Amino acid sequence: MPHHLMNLRHVPDDEADEIRALFEAHDVVYYETPPSRWGISMGGFWVHDDNEAARARALLEAYHRQRQEIQRRVYEENLARGGSGGVWFMFRRHPVRTLAACLAIVVIMGLSLLPFVRIG
């Protein structure tokens with residue numbers, strides 16, 4: 001019976017490439033299904049064998065732990081340099097784009113809620 005190891009929806013290309021390389025370096029016999037263009041099927045990495053699934057999951061767990069540490073370190077360095085931040089950072093850096101996005105959100109919410117407001 002196939003074992004689903006990992007969902008590929010919203011996975012960056014570099015992460016998927018690193019996982020493929022990890023599996024190939026450790027001789028994990030896997031196959032891959034791509035995510036659909038419309039988001040209906042999730043795609044992912046799969047294996048058939050139970051033992052192979054346990055070994056692949058252990059490799060994935062170690063890989064994700066290492067990737068999380070690296071990405072957290074990169075984010076903290078970027079934050080310390082002033083290269084990233086929250087809403088106020090975006091507003092200071094791109095005020096017109098941020099205001100346009102906020103205005104679009106308010107308009108969409110207003111149009112979505114308008115039928116319910118008229119009922120009452």
Side-chain angles (χ1 to χ4, degrees):
M1 179 174 180
H3 295 274
H4 186 240
L5 298 174
M6 182 180 158
N7 183 354
L8 282 178
R9 186 179 295 157
H10 306 297
V11 172
D13 291 337
D14 67 319
E15 182 177 357
D17 291 341
E18 290 173 359
I19 291 171
R20 286 182 199 101
L22 176 74
F23 285 164
E24 289 171 9
H26 288 86
D27 296 326
V28 174
V29 180
Y30 73 97
Y31 65 97
E32 179 180 348
T33 55
S36 72
R37 187 175 301 244
W38 307 108
I40 295 172
S41 66
M42 63 184 165
F45 292 113
W46 302 77
V47 295
H48 281 291
D49 186 54
D50 292 339
N51 295 332
E52 197 77 6
R55 193 166 67 95
R57 284 193 176 106
L59 287 169
L60 275 174
E61 184 178 322
Y63 166 78
H64 281 124
R65 200 172 22 254
Q66 178 186 14
R67 183 169 173 96
Q68 179 183 12
E69 291 171 7
I70 292 169
Q71 293 298 320
R72 186 175 309 236
R73 193 173 330 120
V74 167
Y75 172 74
E76 288 172 356
E77 290 170 2
N78 206 4
L79 193 61
R81 283 193 326 257
S84 66
V87 175
W88 293 115
F89 170 79
M90 286 301 295
F91 184 74
R92 285 192 313 263
R93 195 157 196 188
H94 306 287
V96 175
R97 184 176 12 167
T98 306
L99 283 175
C102 290
L103 181 64
I105 291 169
V106 169
V107 167
I108 291 170
M109 283 178 49
L111 291 173
S112 299
L113 295 175
L114 188 63
F116 298 107
V117 173
R118 286 192 176 188
I119 290 174

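Note that the structure is a prediction, hence the values are computed from the model and not measured.
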Engineer: Check whether Trp46 and Val28 end up in the same hydrophobic cluster, where Ile, Leu, Val, Met, Phe, Trp and Tyr are linked by side-chain heavy atoms less than 4.5 Å apart.
Structural biologist: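 Hydrophobic grouping puts Trp46 apart from Val28.
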
Engineer: Without swapping roles, check the side chain of Arg20 against the backbone of Glu32 for a donor-acceptor pair under 3.5 Å.
Structural biologist: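 No, Arg20 side chain to Glu32 backbone: no donor-acceptor pair under 3.5 Å.
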
Engineer: Please report the interatomic distance CD1(Ile108) to CG(Leu103), rounded to the nearest 0.5 Å.
Structural biologist: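 If I round to the nearest 0.5 Å, the distance is 9.5 Å.
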
Engineer: Salt bridge check, Glu77 against Arg73: does any charged N sit closer than 4.0 Å to a carboxylate O?
Structural biologist: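 A salt bridge is absent here (no side-chain N lies under 4.0 Å from a carboxylate O).
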
Engineer: Starting at NE2 of His3, measure out to CZ of Arg57 and round the result to the nearest 0.5 Å.
Structural biologist: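 The NE2 atom of His3 sits 6.5 Å away from the CZ atom of Arg57.
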
Engineer: Assigning hydrophobic clusters by single linkage (Ile, Leu, Val, Met, Phe, Trp, Tyr; side-chain heavy-atom cutoff under 4.5 Å), is Trp88 placed with Leu99?
Structural biologist: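 Linked within one cluster.
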
Engineer: Are Met6 and Leu59 linked, directly or through intermediate hydrophobic residues, by side-chain heavy-atom contacts shorter than 4.5 Å (ILVMFWY only)?
Structural biologist: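 Linked within one cluster.
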
Engineer: Show your reasoning for whether side-chain contact (heavy atoms from CB on, under 4.5 Å) applies to Glu69 and Arg72.
Structural biologist: CA-CA 5 Å; Glu69 291 171 7; Arg72 186 175 309 236; 5.9 Å; no

Engineer: Please lay out, stage by stage, how Glu15 and Gln71 fare under the test side-chain contact (heavy atoms from CB on, under 4.5 Å).
Structural biologist: CA-CA 11 Å; Glu15 182 177 357; Gln71 293 298 320; over 6 Å; no

Engineer: For the hydrophobic clusters of this structure (ILVMFWY residues joined by side-chain heavy atoms under 4.5 Å, transitively), does one cluster hold both Val11 and Leu22?
Structural biologist: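 Yes, Val11 and Leu22 fall within the same hydrophobic cluster.
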
Engineer: Other residues, nucleotides and ligands only: do more than 12 of their heavy atoms fall within 6.0 Å of CZ on Arg97?
Structural biologist: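 Check fails, neighbour count at 12 or below.
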
Engineer: Locate the shortest heavy-atom distance separating Tyr31 from Val47; write the atom from each residue and the value.
Structural biologist: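 What the structure gives for the nearest pair is CE2-N, 4.5 Å.
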
Engineer: For Leu5 and Phe23, what are the C-alpha separation, side-chain angles and deciding distance, and is it a side-chain contact (heavy atoms from CB on, under 4.5 Å)?
Structural biologist: CA-CA 12 Å; Leu5 298 174; Phe23 285 164; 3.9 Å; yes

Engineer: Would Arg67 and Asp14 pass as an ion pair if we require N to O under 4.0 Å?
Structural biologist: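 A salt bridge is present here (some side-chain N lies under 4.0 Å from a carboxylate O).
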
Engineer: Is there a path of hydrophobic side-chain contacts, each under 4.5 Å between heavy atoms, that joins Leu60 and Leu8?
Structural biologist: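 Yes.
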
Engineer: Does the His94 side chain pair with the main chain of Val96, one donor and one acceptor, at a distance under 3.5 Å?
Structural biologist: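 No, because the side chain of His94 does not come within donor-acceptor range (under 3.5 Å) of the backbone of Val96.
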
